[in-house]
S.K.: 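Input: one structure, supplied below.
Below, all heavy atoms of this structure are taken into account, side chains as well, without hydrogens, waters or symmetry copies. This structure is a prediction, so every number in the text was calculated from the model and none was measured.
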Amino acid sequence: MNLPNMNDAKKRTKQNVKILYDDYNTSNLENIGKDKQYLILTYGCQMNVHDSEYISGIMEDIGYTKTDDMDNADVIIVNTCAIRENAHNKAEGMLGRIKHLKEEKDNIIVIFCGCMAQEEGLVNKINKYKWIDIICGTHNYHKIPEYLSEYMNKGKVCEVYSIEGNVIENLPVVRDSKYTAWVNIQYGCDKFCTYCIVPYTRGKQRSRKSEDIIDEVRELYNNGYQEVTLLGQNVNAYGKDFDNDYDFADLLGEVASTGIPRIRFVTSHPWDFTDKMIEVISKCDNIMPYIHLPIQSGSDRILKLMGRKYTIKEYLEIIEKLRKNIPNVSITTDIIVGFPGETNEDFEKTLDIVNRVKYDLAYTFIFSPREGTPAAKMKDDTSMEEKKARLARLNELINKYALESNQKMKDKVYEVLIIGPSDKDNKYMGYTPNMKLVNVNCDETMLGKIVPVKITEVKTWSLDGEIASGE
């Protein structure tokens, strides 16, 4: 049994990361899931979603088939996120439902994994739940076949490593889409923003080799994929852990040279956003004009308390360069309200920044203290009532600019990648180059195609459109 340790999880050494090509091994385990079904419940960010695609690949590699019906599942996997309290609460609420199900069907195997499994205090509690059979973290979900075998032979397994981490290649994957794909380029984070649990749950920053990334993108392109999103905790810090000068801008250029029609990337940190990156984006037509650039606060004082390592002036300089060099660029952000010590003056500065930048969209949150992070120990004397009031004011402003941005697109034609059915009036949905959701009046023959769409109706969070005449 290995339980997580927050002190161990925050250690960083100069030891080189191991890139392992044969650490995933299912010898003699290929059929342990024969005639059995698995269900994955995923909570959290894009990284969690992509992790679940790998977990699906692993489960199907050992004989299981996927089900969306909890009552039919032989194995239920809860893949969790630790970033915010809301994700915590949803996952814990689901555990209660699973507990009742297991009381009725005690042969179900329950696996608890992901970022919540890396939290020391939480897992000490979860480990006492006798009805949870296997607990593993973000560093070792590729060992699930071994843990299933061990559980079947010996009983409960709890293996959560508080390590800096390695890069595990050659894992099987079952992707959720036939047209768009996530591609990990790096794992972990060394930024240690004072509010963030990710460096503790995901380990040190470690970049994949560029040749492995390019090979993956080429394979996706050859298999008909139209779009890849390069994924990492801080994608533009890619390569900083290398001993050479190869960086994210170099990688972007190489990925663009594969010819895949569309390239996106998330999430960027303002600290690492370089002029070289902007130049590459501006020159490559298949790198989409969409930038997610979290600001978190409009106050330099709060940014310093957050450990963000940039000023508002520096952030705005990046925004100016993006808009000057990348036509029709869409810029979105993350903002935290009610960080410990945030005054009304600090909050007004955040509103000022929103008024200046006029974001296309923002993901806004009330500060959520994470156990073990420095911010969780900071004095916080702002009432929840006040925090909710600030969030409401912020969202009202965000909504205003989101609608204004969309209104500029009315009656214009944009290339839209159609990716699936919409829940709106039997339409299909897709995205413009600048990441605007469009519900398109078309049929299933358009699936997986990039087609010209005229925007006919504008809403705050989406657009309606029809295939442009002549198509």
S.K.: Are the charged groups of E466 and K427 less than 4.0 angstrom apart, N to O?
M.R.: no
S.K.: Is a salt bridge present between K276 and D250, judged by a nitrogen-to-oxygen distance below 4.0 Å?
M.R.: yes
S.K.: Could you check whether atom CG of N328 has more than 12 heavy atoms from other residues, nucleotides or ligands sitting under 6.0 Å from it?
M.R.: no
S.K.: Between E216 and R208, does at least one N-O distance fall below 4.0 Å, as a salt bridge requires?
M.R.: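 Yes, E216 and R208 are salt-bridged.
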S.K.: Check the surroundings of atom CZ in F242: do more than 12 heavy atoms from other residues, nucleotides or ligands lie under 6.0 Å from it?
M.R.: yes
S.K.: Do L41 and I77 make a side-chain contact, defined as non-hydrogen atoms from C-beta onward lying under 4.5 Å apart?
M.R.: no
S.K.: Should K283 and E279 count as an ion pair when the cut-off is N to O under 4.0 Å?
M.R.: yes
S.K.: Going by an N to O cut-off under 4.0 Å, is there a salt bridge joining R390 and E342?
M.R.: yes
S.K.: For the residue pair L95 and I126, establish whether any side-chain heavy-atom pair is separated by less than 4.5 Å.
M.R.: yes
S.K.: Looking just at side-chain N and O atoms, do N79 and S52 make a donor-acceptor pair shorter than 3.5 Å?
M.R.: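 Yes, S52 and N79 have a side-chain donor paired with an acceptor closer than 3.5 Å.
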S.K.: For the NZ atom on K66, are there more than 12 heavy atoms of other groups (residues, nucleotides or ligands in this structure) within a distance under 6.0 Å?
M.R.: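 Correct, the count exceeds 12.
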S.K.: Are any non-hydrogen side-chain atoms of W271 and K191 less than 4.5 angstrom apart?
M.R.: yes
S.K.: Does NZ or CZ of R202 come closer than 6.0 Å to the centre of the six-membered ring of Y187, within 45° of the ring's axis?
M.R.: no
S.K.: Looking at OG1 of T138 and CD of Q118, how far apart are the two atoms once the value is rounded to the nearest 0.5 Å?
M.R.: 4.0 Å
S.K.: Atom CD1 in I318, atom CE in M277: separation rounded to 0.5 Å?
M.R.: 9.0 Å
S.K.: Just checking, is any N or O donor in the side chain of T311 or D300 under 3.5 Å from an acceptor N or O on the other one?
M.R.: no
S.K.: Any chance the side chains of T13 and E164 put a donor and an acceptor closer than 3.5 Å?
M.R.: yes
S.K.: Yes or no on side-chain hydrogen bond (donor to acceptor under 3.5 Å, both in side chains) for T456 and D464, after CA distance, side-chain angles and deciding distance?
M.R.: CA-CA 6 Å; T456 57; D464 287 347; 5.6 Å; no
S.K.: Tell me if the aromatic rings of Y43 and H88 count as close, with their centers under 6.0 Å from one another.
M.R.: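 When the ring centroids of Y43 and H88 are compared, they turn out to be at least 6.0 Å apart.
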S.K.: H292 and side-chain hydrogen bond (donor to acceptor under 3.5 Å, both in side chains): which single residue from T333, D360, T332, T267 fits?
M.R.: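 Answer after filtering T333, D360, T332, T267: T332.
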S.K.: Between atom CG of L403 and atom OG1 of T460, what is the distance when rounded to the nearest 0.5 Å?
M.R.: 4.5 Å
S.K.: Can you tell me if R262 uses its side chain to pair, donor with acceptor, with the backbone of T180 under 3.5 Å?
M.R.: no
S.K.: Rounded at 0.5 Å granularity, tell me how far CD1 in I302 sits from CZ in F339.
M.R.: 6.5 Å
S.K.: If the threshold is 4.0 Å, N to carboxylate O, is there a salt bridge linking E317 and K321?
M.R.: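 Judged by the 4.0 Å cut-off on N to carboxylate O distance, E317 and K321 do not form a salt bridge.
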S.K.: May I ask you to test the M288-V329 pair for a side-chain heavy-atom distance under 4.5 Å?
M.R.: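 With C-beta onward as the side chain, the pair stays apart.
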S.K.: Might you confirm whether atom CD of E371 has over 12 heavy atoms from other residues, nucleotides or ligands at distances under 6.0 Å?
M.R.: no
S.K.: Indicate whether the side chain of S299 and that of D346 have a donor and an acceptor atom separated by less than 3.5 Å.
M.R.: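 The answer is yes; a qualifying pair exists.
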S.K.: Among D247, D245, D272, exactly one meets salt bridge (charged side-chain N to carboxylate O under 4.0 Å, His left out) together with K240. Which residue is that?
M.R.: D272
S.K.: Considering only heavy atoms from C-beta outward, does the side chain of Y290 approach that of F265 to under 4.5 Å?
M.R.: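 Heavy-atom side-chain distance check fails, nothing below 4.5 Å.
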S.K.: Does the side chain of S282 come under 3.5 Å of the side chain of N325 through a donor N or O and an acceptor N or O?
M.R.: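 No, no side-chain donor-acceptor pair sits under 3.5 Å.
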S.K.: Heavy-atom count check: over 12 atoms from other residues, nucleotides or ligands less than 6.0 Å from E348 CD?
M.R.: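 Buried by this count: over 12 neighbours within 6.0 Å.
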S.K.: Looking at S368 and E85, would you say the former's side chain and the latter's main chain have a donor-acceptor pair under 3.5 Å?
M.R.: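 Between the backbone of E85 and the side chain of S368 there is a qualifying donor-acceptor contact (under 3.5 Å).
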S.K.: Could you check if a side-chain atom of S297 sits within less than 4.5 angstrom of a side-chain atom of I336, using non-hydrogen atoms only?
M.R.: no
S.K.: Let me confirm one number: the CD1-CG distance from I278 to L252, rounded to the nearest 0.5 Å.
M.R.: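 Answer for the CD1-CG pair, I278 versus L252, is 11.5 Å.
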S.K.: So that I can tick it off, tell me whether K358 and E404 are bridged by a salt bridge, with the cut-off set at under 4.0 angstrom between side-chain N and carboxylate O.
M.R.: no
S.K.: Scan side-chain atoms only and decide if N355 and Y401 contain a donor-acceptor pair under the 3.5 Å cut-off.
M.R.: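 Yes, side-chain donor-acceptor contact under 3.5 Å.
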S.K.: Check the surroundings of atom CZ in R356: do more than 12 heavy atoms from other residues, nucleotides or ligands lie under 6.0 Å from it?
M.R.: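 Count not over threshold, so no.
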S.K.: Only one of K204, K11, R12 clears salt bridge (charged side-chain N to carboxylate O under 4.0 Å, His left out) with D190; which?
M.R.: R12
S.K.: Is the ring centre of H50 less than 6.0 Å from the ring centre of Y54?
M.R.: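 Between H50 and Y54, the centre distance is under 6.0 Å.
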S.K.: Hey, could you give me the OH/CD distance between Y238 and Q186, rounded to the nearest 0.5 Å?
M.R.: 9.5 Å
S.K.: Could you check whether Y310 and Q296, counting side-chain N and O atoms only, form a donor-acceptor pair closer than 3.5 Å?
M.R.: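 Checked: Q296/Y310 side chains show no N/O donor-acceptor pair below 3.5 Å.
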S.K.: Do V453 and L463 have side chains that approach each other closer than 4.5 Å (heavy atoms only, starting at C-beta)?
M.R.: no
S.K.: Do N439 and S422 have a side chain donor and acceptor closer than 3.5 Å?
M.R.: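 A pair is found: one side chain offers a donor N or O, the other an acceptor, under 3.5 Å apart.
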S.K.: Can you tell me if D285 has over 12 outside heavy atoms packed within less than 6.0 Å of its CG?
M.R.: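 Incorrect, the count does not exceed 12.
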S.K.: Would you say NZ of K454 has more than 12 non-hydrogen atoms from neighbouring residues, nucleotides or ligands within 6.0 angstrom?
M.R.: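 Incorrect, the count does not exceed 12.
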S.K.: Are the side chains of Y195 and P340 in touch, meaning some heavy atoms are under 4.5 Å apart?
M.R.: no
